Structures are given as structure tokens and as C-alpha cells.
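Here is the structure we will look at, set down as C-alpha cells.
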Amino acid sequence: MSAPTVELPSGQKMPVLGLGTSQAKPNQVTEAVKAAIDAGYRHVDCALKYGNEAEIGAGLKTKFDEGVVKREDMFITSKLWNTSHHPDDVRGAVESSLTSLGLDYLDLYLIHWPMAFKRGAEFFPTDAEGKMMWEDVHFTETWKALEACVESGLLKNIGLSNFNSKQIQAVIDVAKVKPAVLQVECHPYLNQKQLLQFAKEKGLVFTAYSPLGSPDRPWAKPGDPSIMEDPKLKPIADKYGKSVAQVLLRWGVQRDTIVIPKSVTPARIQQNIRVFDFALTSEEMETIDGFNVPFRVVGFDWVSHVPEFPFHEPF
């Protein structure tokens, strides 16, 4: 089984379901990538920040060498981390991810967050008081450097992650290469209805990360709401002979969003792609839409003082 695709403005086709690799430990992610490709996945979502791109590359190489897939069969995304927003640092960051992944080009490359942290090797550069240090680099300057990477053939498509509507518009206003994709947290407890509508109006394909509410996140607090345990979902899952996770992914797909559930367990990886043989009714879609709390799994509140922190805006 493989996932249907949507066409990006470049003409490239992006599968509507992919393997998320955030939090996937390097010693597990190679096998997860291999299991995903064997299960029919043709889309893998990566990022420098996840610290596992070399291991993802090893999984891809195995399947290329075995002849299971060719490079052009796969859609590979990576992301620019916040410490490399300076235009002089962008191409080097792209090339670093390409080297780790063992690829000549990326199908999609996103600005991971709109905030620019202080340049350097540390992912989270802090001052003596533990506060995040930042650079005075606007993401529109970063965008221009990414456009140059498209022109040179390193990137097929470019887009945005964790940007709010005003920030997206700011990029569109200066862009020669329009952003193709917006990737943000989205699940029924944070249904992002306004942002999804805005993205559609602006011609961006919308990708939902944490579509299952990231139940295994290490920073979860006692009492945090858990979408996977919502009692209203089980009867719907039972009706279709599916799991709660499959219902959540199906809800995402039926809203015209791309979903990238993360897992390193082969059985779950296989289960997560089996969501194209049933459909939720409009009533069920409305019921699940109504779960919106809203509750954000990835709040990043501790950097809310940094310029361009995205979540001060309503959407």
C-alpha cells in the first residue's frame, strides 16, 4: 500500500502520509526507515535538529541498493535550524543535511522556526542566566538564501514550519519562489482551522506534525490532555475495525492535510499507512473537529522572548 499524493506548485508530487522522525533515536531510525519503505511509505520527514539524518540516510541507501525504491520514488524533507538563519550559513546547512542523508537534492526544505538563534554550533545558545540568545536576522533574508539553493538545484521545493499567518504573508510578499508547504502541529486538540484555511487561500500545502498528539513526548506533564485516550474516539475506531491512531490520521487526510506520524515500531509503521481503505462520515469529521481545546504539544514557551516567536498571534 502506498499513499495518494498532492501536486506542489513545482509539479512534484508529495505523498499525503509520511514517516516522522522527530525524537527517533539514531540507533532505531535506520530500521524504522527500512520498515516504512517496505510498508509502502515514499515520504520521510527529517531535520538537522533531530540528530539522526546520517542514520536515515543509511536506511535509504539500503533500500536504494536493494532496488526496492529509486531516489526519484522518494520524497525527502529536511529543515533549516534556527542557528543557521544568516544568509551566509544557509547553503552550508543544506549541504550538511544532504551529506548526512547521502542525497544530491532534497524534495522539500523548510525553515524550521521563524526565530533566528545566535549563530554557532550549539542548537540552543543561552546566556549566563539561561536565556536564549538570538540574532537580528529576519526570516525574509533567510528565504532569499533558500531561493538561491533552489536555483542551484539543491532543493526542489521550499517552505515554512511553525510560522503564523502574518509571518507566512511576509515571506509571500518578498518571495520569487513561493513557499510550497506549511508544516505545523495539528491534531484534533489543536485543529488549526483558521491557519489551515489561510494556507489553502495562499496556495500552500498543509502538513500536520504530531498528528497523534505526540503521546510519547519526554516533556509531557501530568494532567496534559491526551488525544489518543479520548473516549469519544474509540467507538468510531471500533465501527471501522481500526485503531484510534488510524482514525486520527484519517481525519487529518480527509481535511486535505498531509500527516507525518512518527514511530520506530514496524507494526505501528505498517498500521499507520493503512488509512486509505475507509472514510469518516461528515458527522464524524465534525465531532472530531469539535475536540479543539486548543492544546499545543510543542509550545516552545521558554523562547517566547525571542523576536518572531510565532505563537503570540491567534493563528
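Remember, predicted model here, so these are calculated numbers, not experimental data.
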Verify same cluster id: W134, V90 (apolar side-chain graph, 4.5 Å):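 In one cluster with W134: V90, yes.
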Cluster overlap I111 with V137, hydrophobic side-chain contacts below 4.5 Å: no
Side chains of [X] and [Y]: donor-acceptor distance under 3.5 Å anywhere?
{"X": "Y240", "Y": "D277", "value": "no"}
{"X": "R217", "Y": "S210", "value": "no"}
{"X": "Q167", "Y": "E308", "value": "yes"}
{"X": "Y50", "Y": "E55", "value": "no"}
{"X": "S165", "Y": "E313", "value": "no"}
{"X": "N157", "Y": "Y109", "value": "no"}

So, taking the atom named [atom1] in [X] and the one named [atom2] in [Y], what distance separates them when rounded to the nearest 0.5 Å?
{"X": "L48", "Y": "N52", "atom1": "CG", "atom2": "CG", "value": "10.0 Å"}
{"X": "M228", "Y": "D216", "atom1": "CE", "atom2": "CG", "value": "9.0 Å"}
{"X": "D224", "Y": "S214", "atom1": "CG", "atom2": "OG", "value": "11.0 Å"}
{"X": "L160", "Y": "L204", "atom1": "CG", "atom2": "CG", "value": "6.5 Å"}
{"X": "T62", "Y": "F64", "atom1": "OG1", "atom2": "CZ", "value": "10.0 Å"}
{"X": "T21", "Y": "I260", "atom1": "OG1", "atom2": "CD1", "value": "8.0 Å"}

Closer than 3.5 angstrom, by distance alone: can the side chain of [X] be matched with the main-chain N or O of [Y] as a donor-acceptor pair?
{"X": "S304", "Y": "D301", "value": "yes"}
{"X": "T265", "Y": "A267", "value": "no"}
{"X": "W143", "Y": "V177", "value": "yes"}
{"X": "S161", "Y": "Q183", "value": "yes"}

Which atoms form the tightest heavy-atom contact between K178 and I172, and what is the distance? NZ-O, 3.2 Å
Tightest non-hydrogen contact, residues P211 and V259, listed as CB-CG1, 4.1 Å
Checking side chain to side chain contact (heavy atoms under 4.5 Å, CB included) against Y41, which of I269, V69, V33 comes through? I269
Name of the residue among V29, I76, T30 meeting side chain to side chain contact (heavy atoms under 4.5 Å, CB included) with I56: V29
Is the centre of the [X] ring less than 6.0 Å from the centre of the [Y] ring?
{"X": "F123", "Y": "F117", "value": "no"}
{"X": "W113", "Y": "F300", "value": "yes"}
{"X": "W251", "Y": "F291", "value": "no"}

Going through the checks in order, is the side-chain contact (heavy atoms from CB on, under 4.5 Å) test met by N82 and H112? CA-CA 7 Å; N82 310 3; H112 206 150; 4.3 Å; yes
Cationic N near anionic O, under 4.0 Å, [X] to [Y]:
{"X": "E53", "Y": "K79", "answer": "no"}
{"X": "R71", "Y": "D107", "answer": "yes"}
{"X": "D45", "Y": "K262", "answer": "no"}
{"X": "K61", "Y": "D65", "answer": "yes"}
{"X": "D38", "Y": "K34", "answer": "no"}

Stepwise side-chain contact (heavy atoms from CB on, under 4.5 Å) test for M74 and H43: CA-CA 6 Å; M74 297 299 300; H43 171 187; over 6 Å; no
Quick one: does P261's side chain get under 4.5 Å of L249's, heavy atoms only?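 Yes - at least one pair of side-chain heavy atoms lies under 4.5 Å apart.
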Go through it in stages, so that I can follow the logic: the residues are F124 and W81, the test is ring pair (Phe, Tyr, Trp, His ring centres under 6.0 Å), and I'd like the CA-CA distance, side-chain angles, deciding distance and then a yes or no. CA-CA 10 Å; F124 295 104; W81 185 242; 5.5 Å; yes
Is the cationic atom of R42 (NZ for Lys, CZ for Arg) positioned less than 6.0 Å from the six-membered ring centroid of F75 and within 45 degrees of its normal?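 Not flagged: R42 not positioned over aromatic ring of F75.
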Does E151 form a salt bridge (Lys or Arg N to Asp or Glu O under 4.0 Å) with K176? I'd like the steps, not just the answer. CA-CA 11 Å; E151 284 161 21; K176 286 189 295 177; 3.5 Å; yes
Against E284, only a single residue in K242, R250, K232, K239 fulfils salt bridge (charged side-chain N to carboxylate O under 4.0 Å, His left out); can you say which?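 With E284 as partner, salt bridge (charged side-chain N to carboxylate O under 4.0 Å, His left out) holds for just one option, K239.
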